[in-house]
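Atom set for the values below is all heavy atoms of this structure, side chains included, hydrogens, waters and symmetry mates excluded.
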Amino acid sequence: MTLTGELDLSATPGLRVRLGEMQRAKRPIRLDLSELEFIDCSGIRAILEAMAEARREGYALEVDRDVSPMVG
């Protein structure tokens, strides 16, 4: 899943919903952050919480190491 634009307080609820849908469908998830222009602490928290849940529940979630220069 490629995230684009801004991942902030207004966008994180949508991300959480989409990640939940993919998790319930038992689909492996790979987050691509290379197209993000901005991420705030709520976006970072949503990703970290999803990763923790994936570890607890045993489903595949990984974050691509390539991030946009503006986010990195």
Side-chain angles (χ1 to χ4, degrees):
M1 175 186 328
T2 301
L3 305 181
T4 61
E6 297 182 357
L7 183 56
D8 57 15
L9 188 60
S10 65
T12 54
L15 174 63
R16 290 176 196 268
V17 167
R18 185 67 181 126
L19 289 172
E21 291 169 350
M22 294 178 77
Q23 184 265 333
R24 286 187 296 279
K26 306 286 190 222
R27 296 186 60 196
I29 304 166
R30 181 180 180 107
L31 293 178
D32 176 353
L33 309 180
S34 65
E35 300 294 318
L36 276 181
E37 296 172 12
F38 175 80
I39 186 170
D40 71 3
C41 60
S42 66
I44 294 169
R45 182 177 183 148
I47 292 170
L48 292 174
E49 288 174 351
M51 292 174 68
E53 182 179 348
R55 272 188 245 113
R56 278 193 311 272
E57 302 297 323
Y59 65 89
L61 171 63
E62 82 178 91
V63 177
D64 194 316
R65 294 185 186 272
D66 291 329
V67 297
S68 71
M70 289 192 236
V71 170

Taken in chain and number order and not counting sequence neighbours, the residues that satisfy side chain to side chain donor-acceptor pair (under 3.5 Å) with Arg30 are Glu62, Asp64
Atom CD in Glu57, atom CD in Gln23: separation rounded to 0.5 Å? 6.5 Å
Rounded to the nearest 0.5 Å, how far does CG of Asp40 lie from OG of Ser10? 8.5 Å
For the atom pair CD (Glu49) and CG (Leu15), what is the distance rounded to the nearest 0.5 Å? 10.5 Å
Check side chain to side chain contact (heavy atoms under 4.5 Å, CB included) between Arg65 and all other residues, then give those that pass, not counting sequence neighbours. none
Please lay out, stage by stage, how Leu7 and Leu33 fare under the test side chain to side chain contact (heavy atoms under 4.5 Å, CB included). CA-CA 10 Å; Leu7 183 56; Leu33 309 180; 5.5 Å; no
Side chain to side chain contact (heavy atoms under 4.5 Å, CB included) between Leu61 and Glu53: does it pass, once the steps are laid out? CA-CA 9 Å; Leu61 171 63; Glu53 182 179 348; over 6 Å; no
State plainly whether one hydrophobic cluster holds both Leu48 and Leu9, where clusters connect Ile, Leu, Val, Met, Phe, Trp and Tyr through side-chain heavy atoms under 4.5 angstrom apart. no
Side chain proximity check, Thr12 to Arg45, heavy atoms < 4.5 angstrom: no
CZ/Arg16: more than 12 non-hydrogen atoms of other groups inside 6.0 Å: yes
In this structure, would Met1 and Tyr59 fall into the same cluster of hydrophobic residues linked by side-chain contacts under 4.5 Å? yes
Approximate separation, where rounding is to 0.5 Å, of Arg18 CZ and Ile29 CD1: 8.5 Å
Picking from Asp8, Leu3, Ile44, Val67, what satisfies side chain to side chain contact (heavy atoms under 4.5 Å, CB included) with Ile39? Ile44
